[in-house]
*Asks:* 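Can you read through this structure? Questions will come right after.
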Amino acid sequence: MDGTIDTMRETEAPSRLEGILKRVVFRNPDTGWTVARLGVLGKIEPITVTGHLPDFRPGDRLRIHGRWEVDRRYGKQFRVEACVTVPPTTAAGIRKYLSSGRFPGVGEVLAARILDAFGTDTLEVLKSRPERLREVEGIGRNRAEKIREIFSRERSNHDVMIFLRGHEVSVRIAARIHKRYGSRTIAVIRENPYRLAREITGIGFLTADRIGRSLGIPDHDPRRIRAGVGHFLAQGSLEGHLFLPRHLLLRKTAIGLDCDPGLVEEAIEDLAGSGEVILEDLAEGQGVFQPELHQAELGVAEGIRDLARTPVQAARIDWEQVFGDLEVEFGTPFAKEQREAMRQALSSSALVITGGPGTGKTTLIRGLLQILEGQGKRISLCAPTGRAARRIREATGREARTIHRLLEFHPRSQSFLRDRAHPLETDVVVIDESSMVDMVLAYHLLEAIPIGCQVIFVGDSDQLPPVGPGNLLRDLLDSRCLQVVRLVEVFRQARESAIVRNAHRVRRGEMPLCGSEDENHDFIFLERKDPERIVETLRELVADRIPARFGLDPVRDIQVLSPMHRGPIGVQRLNQEFQKVLNPHGQKVTQGSHPLRVGDKVMQLRTNYEREVFNGDIGRVETLNTGEKWIGVRFGDRLVSYGTEDLDELDLAYACTVHKSQGSEYPVVVAVLHTQHAIMLQRNLLYTAITRARQALFLVGTRQALHLAVRNRRTQKRFTNLGQRLVDFLS
C-alpha cells in the first residue's frame with residue numbers, strides 16, 4: 001500500500017522520465033517504499049520521485065514510468081509505477097558506475113584502470129568474460145569473483161524487473177517476487193508461474209494465471225488445472241468451509257477455468273497423491289480438504305474427545321449457601337439455568353453455556369469465577385478478539401486476554417509458544433464469544449490445554465458464525481456430545497429494554513416492535529426507501545439528532561452498521577460521507593484514493609501481532625508526523641504508530657459491516673436495511689446487529705427489507721465434519 005503525507009488527489013496523465021539518481025531520502029527495506037531525488041535533463045533542480053523501487057544507488061541512470069501529483073507540503077512529485085536501470089554507455093558513466101560503492105574495493109583509481117583496459121566494452125566484459133578482470137593491475141582472483149557476482153546479481157535484478165513489468169506485475173509485487181527467488185526468478189516463473197499464487201503474499205491465482213497465459217501456457221495445462229483446484233478450494237475456506245464436496249469443487253473448477261471436468265478429476269488425484277489436498281470419505285460424499293484445515297478439524301475433535309473422557313473430581317459445596325452469598329453480593333437472584341450451569345461447570349471437564357442477550361451469561365461467569373477462585377483454581381479468561389476480551393474484562397473485573405495472547409503467539413515464527421509440549425499453566429479456561437472462534441484457532445487452543453484442565457465455552461449460537469473457516473459453537477451444540485446449559489430466561493431488568501425484547505423476537509422469527517423518534521424509545525425504525533434519502537437521514541442522525549438526544553460523542557459512541565461493503569449505502573460510501581460531516585478539516589494522510597485524517601475513526605483490517613492490534617480493533621487517528629512519515633492511532637490506552645507504507649492495515653470505521661462488529665458493543669447503533677442488501681438479509685445478521693446496541697438502536701431502511709431479514713432463517717451451509725467426528729469418537 002502506498003502512502004504519502006498531505007497528498008492532494010491532483011494527478012496528471014502517465015508519463016516517462018529518465019535521469020540520474022542523486023539521493024535516496026528515505027527507503028523502507030521491507031517494502032521497498034522509497035523517496036528519492038532524480039536529476040532529469042532539462043531541469044535545473046532534481047525532482048522528487050516516490051514509490052516502490054529496487055535498491056538503486058546514487059549515480060544510477062533510471063528510466064521510470066508514472067504520474068505527476070501535487071503534495072501540499074512538498075509540491076510536485078513523480079509517483080513511480082515502473083522503473084528500470086539504464087546501463088551507462090559513456091566512459092564517464094561507466095567510471096561512475098564502477099566507483100559508486102557497489103563493488104567493494106573499487107574506487108576512482110581502480111575504476112580508471114578497468115576503463116583503460118576495456119574502454120566502453122567494460123560492461124560487456126563483465127557480462128561475458130569476467131575472468132579478464134584479472135588482467136587489470138590490483139585485481140586478483142577473489143576481487144574479480146566478487147565483482148562478477150555483484151554485476152551478475154544487478155543484471156539479474158534488471159532482467160527480472162523488465163520481465164515482470166512485461167507481464168504487468170507491479171513494481172511492489174515484482175520486488176517481492178525477486179526477494180523470494182533471487183536470480184532464479186525468471187527460470188522459476190517460466191517453469192511454473194502458478195507457484196506464485198501459493199508462495200508469494202499478494203499474488204492470487206488470477207494474477208498467476210495472467211502471467212501463465214502471457215507465457216503461452218495452454219488452458220488445459222495440468223499446472224494451471226492443479227492451481228485452479230487449489231484456488232477454488234481456498235475460496236471455499238474464505239466462505240467459512242473446512243472442505244468442499246468433491247463434486248462441488250470439480251464443478252466450480254471446471255466452470256471457472258472453462259475446462260474439461262476429466263482434467264479436474266486428474267488434478268484432484270495428483271494433488272492428493274502429493275499431499276497438497278486430503279481426500280476423506282464423509283457421510284455426504286468425498287470431501288476435499290486443505291491439509292491444515294483437515295488437521296485442525298481432526299485435532300479439535302480429538303481435543304474435545306479427550307476432555308469429555310477426563311473425569312473431574314468436584315469439591316463438596318454447600319450450594320444453597322454459595323448461591324445465597326452470591327445473590328446478596330450481586331444484588332440479583334440466579335435463574336434455575338444459571339444455578340444448573342454453576343453445578344455442571346464444577347463437575348464437567350467441558351461445558352457449553354449459550355444464551356441470548358439479557359439471559360445472564362455475564363452474571364453467570366462472574367459467579368463461576370468467584371466460586372473457582374475460592375477453591376484456589378488458576379483461571380484463564382479469554383476471547384477471540386481484543387474487543388471481546390476488553391468487554392468481558394470490564395464486565396467481570398478480571399484479567400481477560402485474546403486467545404492469541406493466552407497462547408503466546410510469536411510474530412516472527414508465526415507460531416504459538418503454548419502447545420502440547422508446553423501447555424498452559426491453568427486449571428480452568430473460559431472462552432467467551434465462542435461463536436466467533438474459527439476451527440484453526442480452536443485447534444491451537446485445545447492443543448495447549450493441560451491434562452485435567454476444565455474448559456467452558458460461552459457464546460450466543462444465534463449470532464453470525466466466525467469470519468474464519470468452521471462453525472465451532474454450532475457444531476458442539478448440534479453434536480450433543482458435551483454438557484450444554486441453555487439460558488433462556490430474560491431477567492426483569494433486561495426485559496425493560498426494547499433492544500433485548502426485540503432481539504429475542506427476531507430470534508424467534510417475529511417482527512420487532514419499533515417505536516418512533518417522538519417516543520422515549522430505545523428501538524426506533526425510520527422508513528426510507530430511496531438510498532440517497534437513507535444517506536441523508538444517516539448523516540442527520542449521527543451528526544445531530546442522536547448526539548443532541550443522548551449527549552453522546554458522534555465519533556466515539558455511535559456505530560453505523562451496513563450489511564455490505566459496496567453500493568450507494570454500503571460501508572465504503574457511508575464512511576466517505578461521515579468523514580466529510582464529522583471530520584472535514586483534520587490534517588490529511590493519503591491512503592490510496594481514500595485519505596485518512598487526524599481525528600478519524602479507523603479500524604484495523606488484519607491482525608498485526610508486532611503492533612499488538614487485532615482484526616476489527618477500532619481506534620482514532622491522533623497524531624501525524626509529516627517529517628518521518630508516520631501516523632499515531634489511539635487504541636484504548638495505547639498509541640500505535642504506522643508508517644505510510646502500512647496504511648493498508650487501516651480503514652475508516654464510522655461505518656462497518658455487521659460481520660466486523662461481532663464481539664463489540666456500542667452505546668448507539670444505527671443499522672441500514674434495504675432490499676439492495678437482499679443477498680445478505682438473514683435473521684442471524686439482523687439479530688447480531690441488534691445485539692451490538694447497548695443504549696439505543698436505530699434501523700433505517702425499508703419494511704420489506706426488515707421482513708426479509710426476519711423471515712430468512714436460512715444461512716449459508718458451512719461444510720464441516722466436526723459434529724460427526726465427535727459423534728463417532730464418543731459413541
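Predicted model, so just to flag it, every value in this text is computed and none were measured. Note that these values count all heavy atoms, side chains included, but never hydrogens, waters or copies made by symmetry.
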*Asks:* Below 4.5 Å, heavy atoms only, C-beta onward: do Arg190 and Leu215 meet side chain to side chain?
*Replies:*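 A side-chain contact exists here, since the closest heavy-atom pair is under 4.5 Å.
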*Asks:* In chain order, what residues pass the side chain to side chain contact (heavy atoms under 4.5 Å, CB included) check against Pro554, with sequence neighbours excluded?
*Replies:*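 Pro554 satisfies side chain to side chain contact (heavy atoms under 4.5 Å, CB included) with Val542, Pro547, Ile558, Leu582 once adjacent residues are dropped.
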*Asks:* Taking side chain as C-beta onward, heavy atoms only, is Arg634 less than 4.5 Å from Thr623?
*Replies:*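 SC-SC contact between Arg634 and Thr623 ruled out.
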*Asks:* Once you measure the plane-to-plane angle for Phe416 and His404, does it fall in the parallel (<30°), tilted (30-60°) or perpendicular (>60°) bin?
*Replies:*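 Ring orientation of Phe416 relative to His404: tilted.
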*Asks:* So do the side chains of Leu98 and Leu126 get within less than 4.5 Å of each other, counting heavy atoms only?
*Replies:*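 A side-chain contact exists here, since the closest heavy-atom pair is under 4.5 Å.
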*Asks:* Suppose we screen for salt bridge (charged side-chain N to carboxylate O under 4.0 Å, His left out). Which residues come up paired with Arg143, at least two apart in sequence or across chains?
*Replies:*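 So Arg143 forms no salt bridge (charged side-chain N to carboxylate O under 4.0 Å, His left out) with any residue.
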*Asks:* Name all residues meeting the salt bridge (charged side-chain N to carboxylate O under 4.0 Å, His left out) criterion together with Arg556; count only those two or more places apart in sequence or in a different chain, and write none if there are none.
*Replies:*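 Arg556 satisfies salt bridge (charged side-chain N to carboxylate O under 4.0 Å, His left out) with no residue once adjacent residues are dropped.
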*Asks:* Arg37 pairs by side-chain contact (heavy atoms from CB on, under 4.5 Å) with which of Val24, Ile47, Thr48?
*Replies:*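 Exactly one option meets the side-chain contact (heavy atoms from CB on, under 4.5 Å) with Arg37, and it is Thr48.
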*Asks:* Apply side chain to side chain contact (heavy atoms under 4.5 Å, CB included) to Arg61 and list each qualifying residue two or more places apart in sequence or on a separate chain.
*Replies:*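 Side chain to side chain contact (heavy atoms under 4.5 Å, CB included) check on Arg61 returns Glu18, Ile20, Val86.
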*Asks:* Do Ile569 and Gln676 have side chains that get closer than 4.5 Å, going by heavy atoms?
*Replies:*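 A side-chain contact under 4.5 Å exists here.
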*Asks:* Of all residues at least two apart in sequence or in a different chain, which pass the side chain to side chain contact (heavy atoms under 4.5 Å, CB included) check with Asn608?
*Replies:*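 So Asn608 forms a side chain to side chain contact (heavy atoms under 4.5 Å, CB included) with Gln604, Glu610, Arg611, Val613, Glu649.
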*Asks:* The criterion is ring pair (Phe, Tyr, Trp, His ring centres under 6.0 Å); which residues satisfy it with Phe635, sequence neighbours excluded?
*Replies:*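 If we apply the ring pair (Phe, Tyr, Trp, His ring centres under 6.0 Å) test to Phe635, skipping adjacent residues, there are no hits.
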*Asks:* I'd like to know whether Leu574 forms a side-chain contact (heavy atoms from CB on, under 4.5 Å) with Leu538, so could you lay out the CA-CA distance, the side-chain angles of the two residues, the decisive distance to 0.1 Å, and finally the verdict.
*Replies:* CA-CA 9 Å; Leu574 295 178; Leu538 293 175; 3.6 Å; yes
*Asks:* For Phe578 and Tyr654, take the angle between the two ring planes, folded into 0 to 90°, and tell me which bin it lands in: parallel under 30, tilted 30 to 60, perpendicular over 60.
*Replies:*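 Judged by the thresholds at 30° and 60°, the geometry between Phe578 and Tyr654 is tilted.
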*Asks:* Salt-bridged, Asp544 to Arg539, with N to O below 4.0 Å?
*Replies:*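 Answer for the salt bridge query: no.
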*Asks:* I'd like to check the salt bridge (charged side-chain N to carboxylate O under 4.0 Å, His left out) partners of Arg533; sequence neighbours left out, ordered by chain and number.
*Replies:*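 For Arg533, the residues satisfying salt bridge (charged side-chain N to carboxylate O under 4.0 Å, His left out) (neighbours in sequence not counted) are Glu536.
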*Asks:* Do Glu124 and Lys127 sit within salt-bridge range, that is, some charged N less than 4.0 Å from a carboxylate O?
*Replies:*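 No salt bridge links Glu124 with Lys127.
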*Asks:* Do you know which of Leu561, Asn575, Val560, Asp651 makes side-chain contact (heavy atoms from CB on, under 4.5 Å) with Cys656?
*Replies:*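 Single pass found, and it is Leu561.
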*Asks:* Salt bridge or not for Asp121 and Arg129, using N-O below 4.0 Å?
*Replies:*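 No.
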*Asks:* Do His565 and Thr657 make a side-chain contact, defined as non-hydrogen atoms from C-beta onward lying under 4.5 Å apart?
*Replies:*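 Side chain of His565 against side chain of Thr657, heavy atoms only: contact under 4.5 Å found.
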*Asks:* Are any of the side-chain nitrogens in Glu532 or Arg573 under 4.0 Å away from the carboxylate oxygens of its partner?
*Replies:*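 A salt bridge links Glu532 with Arg573.
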*Asks:* For Phe151, check ring pair (Phe, Tyr, Trp, His ring centres under 6.0 Å) against everything at least two apart and list the hits.
*Replies:*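 Applying ring pair (Phe, Tyr, Trp, His ring centres under 6.0 Å) to Phe151 gives none.
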*Asks:* Side-chain donor-acceptor pair under 3.5 Å between Tyr194 and Asp209, yes or no?
*Replies:*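 Side-chain D/A pair, Tyr194 to Asp209: present.
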*Asks:* Test your reading of the model: is there a side-chain donor-acceptor pair from Arg223 to the backbone of Glu191, 3.5 Å cut-off?
*Replies:*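 It does hold such a pair.
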*Asks:* Under the salt bridge (charged side-chain N to carboxylate O under 4.0 Å, His left out) definition, can you give me all pairs with a residue in residues 85-94, not counting sequence neighbours?
*Replies:*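 As it turns out, there is no salt bridge (charged side-chain N to carboxylate O under 4.0 Å, His left out) pair with a partner in residues 85-94 once direct neighbours are skipped.
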*Asks:* Quick one: are Thr50 and Thr34 in side-chain contact, heavy atoms under 4.5 Å?
*Replies:*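 Side chain of Thr50 against side chain of Thr34, heavy atoms only: no contact under 4.5 Å found.
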*Asks:* After noting the C-alpha distance and the side-chain angles of Glu622 and Leu639, does the key distance pass the side-chain contact (heavy atoms from CB on, under 4.5 Å) rule?
*Replies:* CA-CA 8 Å; Glu622 187 171 290; Leu639 186 67; 3.9 Å; yes
*Asks:* Taking distance alone, no hydrogens or angles, what donor-acceptor pairs closer than 3.5 Å link side-chain atoms of residues 106-119 to residues at least two apart or in another chain?
*Replies:*
| from | atom 1 | to | atom 2 | distance (Å) |
| --- | --- | --- | --- | --- |
| Arg113 | NH1 | Glu137 | O | 3.0 |

*Asks:* Heavy atoms, side chains only, cut-off 4.5 Å: are Ile403 and Thr385 in contact?
*Replies:*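 Contact flag for Ile403/Thr385 side chains = no.
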*Asks:* If you define the side chain from C-beta out and look only at heavy atoms, does anything of Gln579 sit under 4.5 Å from Leu652?
*Replies:*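 When only atoms from C-beta onward are counted, Leu652 and Gln579 do touch, with a gap below 4.5 Å.
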*Asks:* Is a side-chain donor-acceptor pair under 3.5 Å present for Gln559 with Lys601?
*Replies:*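 Yes, because at least one side-chain N or O of Lys601 sits under 3.5 Å from a partner of the opposite role on Gln559.
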*Asks:* Identify, with sequence neighbours excluded, every residue that meets side chain to side chain contact (heavy atoms under 4.5 Å, CB included) alongside Arg566.
*Replies:*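 In terms of side chain to side chain contact (heavy atoms under 4.5 Å, CB included), with neighbours along the sequence ignored, Arg566 is linked to Gln572.
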*Asks:* My understanding is that only residues two or more places apart in sequence, or in another chain, count here; which of them pass ring pair (Phe, Tyr, Trp, His ring centres under 6.0 Å) with His231?
*Replies:*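 For His231, the residues satisfying ring pair (Phe, Tyr, Trp, His ring centres under 6.0 Å) (neighbours in sequence not counted) are Phe205.
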